[in-house]
Amino acid sequence: MTTLTSGGLTSGVSAPPGGLRRIGSARWRRRNLTFDKITFFLVFLVIPVAFYIAFVVSPFVQAAYFSLTDWTGFSPGMNFIGLSNYAKLFADSTFLQAMGNNILMAIVVPVVTLGVAMFFATLVTVGGSTRGNVKGLRSSSFYRVVSFFPYVIPAIVIGLIWSQIYDPSAGLLNGILTRLGLEQFASFAWLGDPRTARWAVMFVIIWGLVGFYMVLFIAAIKGIPAEVFEAARIDGAGRFRTAISITIPLIRENVQTAFIYIGILALDAFVYMAALEPGGGPDNTTLVMAQQLFTTAFTKGQFGYACAMGVVLAVITLAYAGLVFAVNRFFGGKSEVGE
Amino acid sequence: MTQISQGAAPVAPAGERVPFEPAESGEAPGTAGDKAVTGFSHTVLIIWSFLVIIPLIWVLMSSFKTSSEIFASPFALPERWSFDNYVNAWTTAGIGSFFLNSVIVVVGALILTMFFGSMSAYVLARFSFPGSRALYYLMLAGLTFPIFLAIVPLFFVLRGIGLLNTLPGLILTYAAFAFPFTVFFLYAFFRSLSKSIAEAAAVDGAGEWRTFFQIMLPMAKPGLATVAILNFVGLWNQFLLPIALNTNPDNYVLTQAMASFASQAGYSVDFGALFAAVVITVVPVLIIYLIFQRQLQGSVSAGVSK
Amino acid sequence: MDINVKPLGRRDFLRGSLAAAALAATGTLGACATSGTGTSTQTSSAPAGQVSDTNPFGVQSGTAVEAVIFKGGYGIDYAEFAGKQVEAKQQGVTVKVTPTTKVAQTLQPRFVAGNPPDVIDNSGAGLIGVNTIRDQLAELNDVVEAKNYEGTVIKDTLYEGVMDPGTFDGKFIVLNYVLSVFAIWYSASLFEQNGWTVPKTYEEMLALGEEAKGKGKYLLGWGKEAATYYQTMAIGSAIKEGGDEVRLALDNLKPGCWSLPPLQDVFNGLKKIIDAGYMKPGGSGTVFTAAQAQWSEAEDFILYPSGSWIENEMKDQTKSGFKMTGAPEPVVSSNSKMPWEALHSTAGEGYIVPSQGKNVAGGKEFLRAMLSQEAAVNFAKTKLASTIVKGTVPADGFGSTALQSQIKMLETAGSNIFSWTVLNPADLYGMNTDQLVVWNTFLGGGSSVAELTEGLQKITDKVANDDSIKKVQVS
């Protein structure tokens, strides 16, 4: 079933040519409503979705309603106050700062993580000889397995580990730096200096995630028929060009899903921060919305206000996903859902 | 013209394509440029591997040290290799029984969510009907809202059906919260399965039920395995949900016991025991991963592709 | 919308819209759904039993008391001890003690549902802001007016003023069980060895810093989560200097309260110490317990401002022969309104009895047990910290120098004991998180006194100007 001519490649494909065959085109037609179909839909869609709505969506919808109230979170009563929580929110400089931090993270973390992951995946898969078949590196499975380790460790534990490593006096990092003769780092507070804190925490998140996406991309690249690479080589494409103009377009959909999922994580980042910077970091440079939301809800007892923050967070996350879809489509990807 | 069948990538039956398999060993003597690239690749990846491994080894080493030793020097080996910290963590946190609870809850929720998730993802990917796009976004939305804002309403749902503070209640909740993730990833996967196979099945007279269970599901096995492993990791580490919904100490899951222990170890400044607790939590997941990693290597792309 | 005007109102609503859907889903699957209608609607407290001197709140036989205890530095064994006492004294009453590490999250839904436990130790990082639930708490005056298990009226057995931090707008609703003294702590042996004396003013502190530097040590240090311990010290010093005027301005969130001269003097004193390099750098990136170990174990710095829980907190991380000792917070000048010996002391570990609990009388009985001599002595002995019950610590402080000095400081201070309400440690409006940021910057040398003042004022003003936050009027 796979037919692939080198013609498509020599023309410098930036996107897979049309005619992709997918299954998502079956049209719902009323006259097809058989007993089989009805029960099928009922069991396959209606019940799971009802379950999902009852346990996940409806609590969230209620929380969204709370955002229009002055609920403390503990009282039985609450008053409807319209949009004033939202008005307060956009005048709250701390929250806006947290939003800015989150947005910076949602840009840096996905780009760096996925960039590094893609780079490593490329090294592992096509770093081998150019003679004969396209080859990967020796002991690539070792790199794969090792890189994946951090993903298995709970985020809270990753945070704990790194807060120890970053410890100014007894931490591993400064220990190494001072042994290398860099005495100025003797008591340097990586997590406590406004110049370094946000990069230090982003590094931890990236450290934790690169391996997962690397494994993802390796598997995806391995799914590309070898002839594609052979053909590219015959055409004289170098490694770099091959990666840019062949590999990435061919695994475009993986990259999109990866971008969305990691973006959701970067916009949340609560667990990492709870361990690394529970207080929001120096000058609040690492404060994220979820943290602000948490203290507002539980310590300050302004649950309605916290729910408004939650709604804003959800909207930003959805907007981010929409942006990723749009960018992908702009560069020639297919639409993300339906037809 | 050119056709790159995306379906071919993850799951096409063997023989229909020449899979691109990176050779694991025996690199042919290449050009000088090759050697440079290979050398460079190894260098970069070895540095990265060190970056990953050193902190983990450091944690392992620290878990054998007393707190004073940890403060005294980050590098020094423990004076004596004793399992005191482990014994302390194991007994104080009562890990044994909570371990079983965790297994029950996670496995139960996993089965449920994989079952529901694969069905819904299949329907969403296979059929286009009014509202399918909205449903997809609804799944996405479920991934974006902070869980702890939903705790109070969720509490009432569970109390309403009499499952508060019970393991079945926790299983249902876990399953529901893993559902959007499952659908989100499996959706992409089912879309990559060839339409022609489903059509062929229909021509053969197979109904939707049979098509799904006898044809699509077996084909989706690698993807299901991938998502199942990811879900396992996620659910095993879940700890926001049980805090308020599972307050009966008999029904505690491992993460709750660990959080409780870590909190106490933090107050009494027992970092050695804290590191030991970390090792105890991570090791089961690590073992599961090492056992199933071949599965994962072979299929992770399938789960998330296209 | 009112969740619980009628006990069933909210539940009906939920059952109608959500639980039904959940039931449908689970029921169809034949899963474990049992009954959607069987939940009890009990709201009233257990009927009161016979009231007597030995059963002052009328706990009824056959009832259960549910206690949810924060499991932190003190553990929960002391609460279990009290639970056993209740069971022994009140026939047929059972006590269930449940530990939690995140009080607010664990109990939030139960407060909303009108089904909270009978008594709660509302402490730790995850405590419920008292301001949020104060309408839902039972007044505890009858507890302190009752006779204890030894037959004395409880009120007469308590230290002076310990009810104040639990009293809001005239209502005593939080029983703070553990007495805390705020002081600067040091190693008596180290000081003796070097011939150092405890500094009584910020000038003397600066001088001591120079001497410590000569020995390769820093004067002070801090950890990122505990940077506001310096705020606590600063306010303590300023109140000694300026008296009630300072306290009331801060407690009532007055505009410009942080610019009062006594506070400014303290800030300037601290700033000199920071600028001289006597503060161990890196605190803003150090976990507070690790920072404290740098003081008690490694002796990298020699003075640490903290509450008296510090000894118990660091007991496994204290150098042998350290002789931890406390001294009152320094004053600014020689003509301060209160003497140097005046002591900032307050009670912590807040116990509350929700008024909606099933067994309010049982919850109060539990507190009565905790305030018995036996339980209080047990606590002091095992935790090396004093409860609010007087005379439970012998002169030798159970062999603890810190406990000894704590009792001595209290005696020397006499009636010069003060505290305040809204800022640390009570943190009524939850401002600590924001203040930490400002203090971490200041202690690290990253901001001037003016910037510190402005930052703190901004946080205070934000709360003061937010009408949705209910304020407590302090006088």
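Quick note on labels: first sequence line is chain A, next is B, and so on, each numbered from 1. Only a predicted model underlies this, so the values are computations on that prediction, with no experimental measurement involved.
Atoms CH2 and CD1, from Trp58(B) and Ile165(A) in turn, are 5.5 Å apart once rounded to the nearest 0.5 Å. Here the CG atom belonging to Leu138(B) is positioned 5.0 Å from the OH atom belonging to Tyr52(A), to the nearest 0.5 angstrom.
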Run Phe129(B) and Leu45(A) through side chain to side chain contact (heavy atoms under 4.5 Å, CB included) and show every step you take. CA-CA 12 Å; Phe129(B) 55 91; Leu45(A) 197 61; 3.4 Å; yes
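If you measure heavy-atom distances from Val255(A) to chain B, you find no contacts under 4.5 Å at all. For Val46(A), no part lies near chain B; criterion is any non-hydrogen pair under 4.5 Å. If you measure heavy-atom distances from Leu51(B) to chain A, the contacts under 4.5 Å come from both the backbone and the side chain. Interface remark: Ala175(B) contributes backbone and side-chain atoms alike to the contact with chain A (heavy atom separation under 4.5 Å). Using a 4.5 Å cut-off between heavy atoms, Phe203(A) contacts chain B through its side chain alone, with no backbone atom that close. In this structure, the portions of Ile176(A) lying under 4.5 Å from any heavy atom of chain B include both its backbone and its side chain. There is no contact between Tyr320(A) and chain B, counting heavy-atom distances below 4.5 Å. Heavy-atom distances place the side chain of Phe40(B), and not its backbone, under 4.5 Å from chain A. Only the side chain of Val123(B) comes within less than 4.5 Å of a heavy atom in chain A; its backbone stays farther off. Using a 4.5 Å cut-off between heavy atoms, Phe270(A) touches chain B through its side chain atoms alone.
Between Phe60(A) and Phe177(B), the two ring planes are perpendicular [angle over 60°; tilted spans 30° to 60°]. Taking the six-membered ring for Trp and thresholds of 30 and 60 degrees, Phe127(B) and Phe40(A) have ring planes more than 60 degrees apart, a perpendicular arrangement. Phe181(B) and Tyr261(A) have tilted rings, their planes meeting at an angle from 30° to 60° on a 0 to 90° scale. Between Phe213(B) and Phe44(A), the ring planes lie perpendicular to each other; the angle is over 60°, past the 30° to 60° tilted range.
Trp48(B) places none of its side-chain heavy atoms less than 4.5 Å from the side chain of Val146(A). At a threshold of 4.5 Å between non-hydrogen side-chain atoms, the residues Tyr174(B) and Phe55(A) do not count as touching. With contacts defined as side-chain heavy-atom distances shorter than 4.5 Å, the pair Phe142(A)/Leu45(B) does not qualify. Tyr143(A) is listed as a side-chain neighbour of Ile46(B), based on a closest heavy-atom distance under 4.5 Å.
Here the closest non-hydrogen pair linking Pro59(A) and Ala150(B) is CB-CB, 3.6 Å. Scanning both residues, Leu123(A) and Ser41(B), for their nearest heavy atoms gives CD2-OG, 3.3 Å. The minimum heavy-atom distance between Phe51(A) and Leu172(B), with the atom names listed, is CZ-O, 3.4 Å. Between Leu143(B) and Ile264(A), the shortest heavy-atom contact is O-CG2, 3.4 Å.
Contacts with chain A were tallied for Ile53(B), Ile54(B), Val59(B), Leu140(B); Leu140(B) has the most, counting heavy-atom pairs under 4.5 Å. For the set Ile316(A), Thr317(A), Val56(A), the count of heavy-atom pairs under 4.5 angstrom toward chain B peaks at Val56(A). Taking chain A as the reference chain and counting heavy-atom pairs below 4.5 Å, the highest number among Phe212(B), Phe179(B), Trp209(B) is found for Trp209(B). When each of Leu293(A), Val116(A), Leu313(A) is scored by its heavy-atom pairs under 4.5 Å with chain B, the top score falls to Leu293(A). Taking chain B as the reference chain and counting heavy-atom pairs below 4.5 Å, the highest number among Leu265(A), Val210(A), Val49(A) is found for Val210(A).
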